[in-house]
Amino acid sequence: MSTAAHGAGEPCGDGLRERETVRTGGRHGGESAASRATSASTKDEDAVEAPRNGSDFAHLFVFANEKAGMKKVDKEHVNQIVFEMSKGSEHFKEAQRRDERTQAEVRKLRAKLATTLESDLAPVRHRVDAKVTKLLRERDLSRIYCVVDMDCFFAAVEMRDDPSLAGKPMAVGGLSMISTTNYLAREYGVRSAMPGFIARKLCPELVFVKSNFDKYRQASQEVRDILKKYDPKLHAGSLDEAYMDITDFVDVKIATEQAGANLDADAQTARRFHVAERVVQAMRDEVSAHTRLTCSAGIARTRMLAKIASDRNKPNGQCVVPWQPEKMLRFTRELAIRKVPGIGKVAEKKLKDALGVATVRDLWDKRYLCAHLLSAVQADYLLRVTLCCTNPSVSSSQASSSSAASSSAAAVSALPSAFGQGEDNQRGRKSIGMERTFSQGASSVQELFDTCLDICARLSRRCVEKQLIGHCVTLKIKKSSFEVFTRQTIVTNAVPRCADGTDLFEHARELLAREMPCRLRLMGIKVSKLIDPSHAPVKIVSSGVLHAVKPWMMRRTLK
DNA sequence: GCGGATCAC
DNA sequence: GATGGTGATCCGC
């Protein structure tokens with residue numbers, strides 16, 4: 001465990017002395033050989049190029065990090081295969097370009113750090129200290145949260161329905177991309193988000209199963225129906241995940257089970273958590289009995305911690321984060337920052353390489369530096385994380401986006417608001433889009449426009465079904481080089497107003513025409529700035545071309 | 001407001 | 001030989 005990245009040992013760890021510039025201390029404490037190699041090369045421009053192996057490039061791939069069931073994988077070997085299969089490809093080159101940009105960001109942060117004086121931080125300290133006081137005062141630990149996460153969900157469904165798969169390493173997906181694997185496959189280093197052709201190299205006997213989302217949706221619904229008995233308002237984060245507040249269920253159980261002796265507050269909380277563990281165990285038993293699928297769960301006083309805990313005893317296990325504030329805090333501060341929802345590959349690299357932050361404890365120790373060097377939004381979120389203040393605040397508008405992490409980009413989607421779930425409820429939605437990858441690149445004018453129209457038509461059908469129209473049309477294109485661009489336009493009359501997509505295509509076509517000629521591997525269309533369709537001045541029709549449709553011809557008008 | 005980037009599943 | 005789709009947010013300009 002790396003705690004080497006601390007300051008010189010001052011209480012607050014910034015390691016500053018008066019009038020001295022800020023240092024981060026040994027930033028290479030717990031880093032991999034890979035990041036050492038890259039860090040060294042950024043530091044010493046003319047350093048001798050060391051021989052490279054696959055592990056030196058592992059950081060370029062999303063699937064290089066730890067995942068449940070992959071503890072004993074020979075990572076060196078996996079990295080080498082992935083590298084061999086990837087090097088020289090367009091995808092690999094783009095990954096390298098992105099990494100280069102990230103490293104440039106790191107250098108910028110370091111430069112900023114190098115010129116930071118103690119005097120710069122004085123006002124920051126005040127601000128942060130005040131914020132900490134405020135956050136702790138407002139912290140709400142009154143609820144008990146549970147996050148349920150299905151084990152290898154897609155793969156588990158397929159194995160359940162075809163027992164012959166059970167003893168074999170298998171993956172759901174195809175040669176281009178894998179969405180889930182079972183634990184046998186993970187022993188080979190094969191995991192989600194890995195291209196299938198690399199997976200097959202790692203594990204030649206790997207069985208591929210094509211994904212069947214209807215089946216997963218069905219299974220997911222069955223699970224949800226059980227979970228709803230424990231929290232009717234549960235939020236389905238995705239097909240294989242549910243965010244629950246089991247406080248009420250636990251309290252009712254306690255009330256009916258035993259007369260509440262005169263316990264003090266701590267003893268009551270202790271009992272509630274004890275009951276919560278039993279409740280969640282029973283709930284999980286019920287899920288597996290009814291669906292023959294296993295799940296794991298996390299229990300904690302914040303949704304973020306419950307989410308993190310849900311991964312800890314996978315598969316088919318559960319983990320409770322201690323309820324005592326000091327213990328909960330210790331659990332939190334020992335976490336690697338990558339475990340924090342919203343901190344991904346890039347943010348981790350920046351925090352580690354530029355600030356020497358590897359754990360939440362480091363985040364706390366360097367909170368003043370973070371406040372000074374990072375954006376207000378990000379610093380605020382990270383500070384909340386260190387204090388376990390990630391629960392939705394009661395005061396703020398509960399309705400719209402009271403996410404536990406409303407200040408961090410991806411954390412918001414990771415910890416969705418407990419609001420707006422269900423197929424008919426599109427209130428929370430901000431955009432709707434559709435994209436398609438060409439199997440072998442598309443460049444002819446005909447093909448590009450045909451595809452564009454096709455995507456517009458399919459997307460429009462979905463929009464009409466869900467009664468969604470919006471004022472912003474975005475075209476997304478990915479070139480054969482894997483570079484991605486977006487082009488958007490605001491349209492006066494919200495689209496789409498017809499299910500065949502002709503009006504949407506009008507705008508998308510213009511955006512596309514401006515980018516021609518081009519060779520693409522992906523095209524996507526998105527509609528955003530959505531409005532309430534009942535306010536639309538013109539009715540949306542489910543079929544037909546709008547301008548050709550007279551009111552009496554409309555087969556069906558939608559609200 | 002736009003376009004790029006990041007993140008999660 | 002070959003690396004996905006959907007939705008959301010944040011940031012710099």
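First the proteins, then the strands, lettered A, B, ... as listed; each starts at 1.
Taking atom OH on Y216(A) and atom P on dG4(C), their separation rounds to 18 Å, with Å as the unit. Atom P of nucleotide dG5(C) and atom CG of L459(A) are separated by 14 Å, given to the nearest angstrom. One interatomic measurement links the two molecules: CD1 of I343(A) to C1' of dC7(B), which rounds to 11 Å at whole-angstrom precision. At whole-Å resolution of the value, NZ in K87(A) and P in dA2(C) are 15 Å apart. Computed from coordinates, the R217(A) CZ to dT6(C) P distance equals 12 Å when rounded to whole Å. One can place CZ of R191(A) at 14 Å from C1' of dT3(C), the figure rounded to the nearest angstrom. In this structure, K430(A) places its NZ atom 18 Å from P of dA8(B), rounding to the nearest Å. In this entry the distance linking CG of D151(A) with P of dC9(B) reads 15 Å, nearest Å.
Using a 30° and 60° split on the angle between ring planes, F449(A) and F505(A) fall in the perpendicular class, above 60°.
In the set dA2(C), dC9(B), dT3(C), dC9(B) carries the atom at the smallest distance from any side-chain atom of K307(A). When each of dG1(C), dG4(C), dG1(B) is scored by its nearest atom to the side-chain atoms of M177(A), the top-ranked nucleotide is dG4(C). Of the listed nucleotides (dT3(C), dA2(C), dG7(C)), dT3(C) has the atom at the smallest distance from the side chain of H91(A). With dC7(B), dT6(C), dG4(C) as the candidates, the nucleotide lying closest to the side chain of E435(A) is dT6(C). Closest contact between the side chain of R101(A) and the listed nucleotides dT6(B), dA5(B), dG4(C) involves dA5(B). When each of dG7(C), dA2(C), dT6(B) is scored by its nearest atom to the side-chain atoms of T102(A), the top-ranked nucleotide is dT6(B).
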Pairs under 3.5 angstrom, nitrogen or oxygen only, protein versus nucleotides 11-13 of chain C, please.
residue : atom : partner : partner atom : Å
dC11(C) : OP1  : S375(A) : OG           : 2.1

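Residues satisfying the side chain to side chain contact (heavy atoms under 4.5 Å, CB included) test with D225(A), not counting sequence neighbours, are Q221(A). When the side chain to side chain contact (heavy atoms under 4.5 Å, CB included) test is applied to A306(A), the partners found at least two apart in sequence or on another chain are Y145(A), V147(A), A300(A). Contacts of E510(A) classified as side chain to side chain contact (heavy atoms under 4.5 Å, CB included), with partners at least two apart in sequence or in another chain: R514(A).
Residue S86(A) is in base contact, counting any heavy-atom pair closer than 4.0 Å across all strands shown. Among the heavy atoms of the strands lying under 4.0 Å from A347(A) are primed sugar atoms or P, OP1, OP2 only; no base atom is included. Using a 4.0 Å heavy-atom cutoff across all strands shown, S89(A) reaches at least one base atom of the nucleic acid. Using a 4.0 Å heavy-atom cutoff across all strands shown, I178(A) reaches no nucleic acid atom at all. The residue K350(A) sits apart from the nucleic acid: no heavy atom pair falls under 4.0 Å. Nucleic acid contact class of M434(A) (heavy atoms, under 4.0 Å, all strands): sugar-phosphate only.
Screening K75(A), H77(A), Q80(A), E76(A) against S55(A) for a side chain to side chain contact (heavy atoms under 4.5 Å, CB included) leaves a single residue, E76(A).
Considering only heavy atoms from C-beta on, L522(A) stays 4.5 Å or farther from F438(A) through its side chain. Counting heavy atoms from C-beta outward, Y381(A) and V340(A) have side chains that approach closer than 4.5 Å. The side-chain heavy atoms of C146(A) and M283(A), taken from C-beta on, include a pair separated by under 4.5 Å. Looking only at side-chain heavy atoms (C-beta outward), M523(A) and L520(A) come within less than 4.5 Å of each other.
Residues S288(A) and R284(A) bring no donor and acceptor atom of their side chains to less than 3.5 Å of each other. Between Q218(A) and E222(A), the side chains place a donor N or O and an acceptor N or O closer than 3.5 Å (distance only, hydrogens not considered).
Between T437(A) and dT3(C), a side-chain N or O to OP1/OP2 separation shorter than 4.0 Å is absent. The side chain of R338(A) places an N or O atom within less than 4.0 Å of a non-bridging phosphate oxygen (OP1 or OP2) of dA8(B). Side-chain nitrogen and oxygen atoms of K466(A) include none within less than 4.0 Å of the OP1 or OP2 phosphate oxygen of dT6(C). Between K345(A) and dT6(B) there is no side-chain polar atom (N or O) within less than 4.0 angstrom of OP1 or OP2. Contact annotation: S431(A) reaches the phosphate of dA8(C) (side-chain N/O to OP1 or OP2, under 4.0 Å).
Of all the residues in residues 475-487 of chain A, K478(A), F482(A) reach under 4.0 Å from DNA chain C with at least one non-hydrogen atom. For the segment residues 509-525 of chain A, the set of residues with a heavy atom within less than 4.0 Å of an atom of DNA chain C comprises R521(A), L522(A), in numerical order.
For K366(A) (side chain) and V357(A) (main-chain N/O), no donor-acceptor pair under 3.5 Å exists by modelled atom type. The closest donor-acceptor contact from the side chain of R186(A) to the backbone of A68(A) lies under 3.5 Å.
Here the separation of dT3(C) from dA8(B), taken at their P atoms, is 24 Å to the nearest Å.
F154(A) and F213(A) have their aromatic ring centers within a separation under 6.0 angstrom.
Heavy-atom distances to DNA chain B give each of R98(A) and L239(A) a nearest nucleotide, and the one nearer the 5′ end belongs to R98(A).
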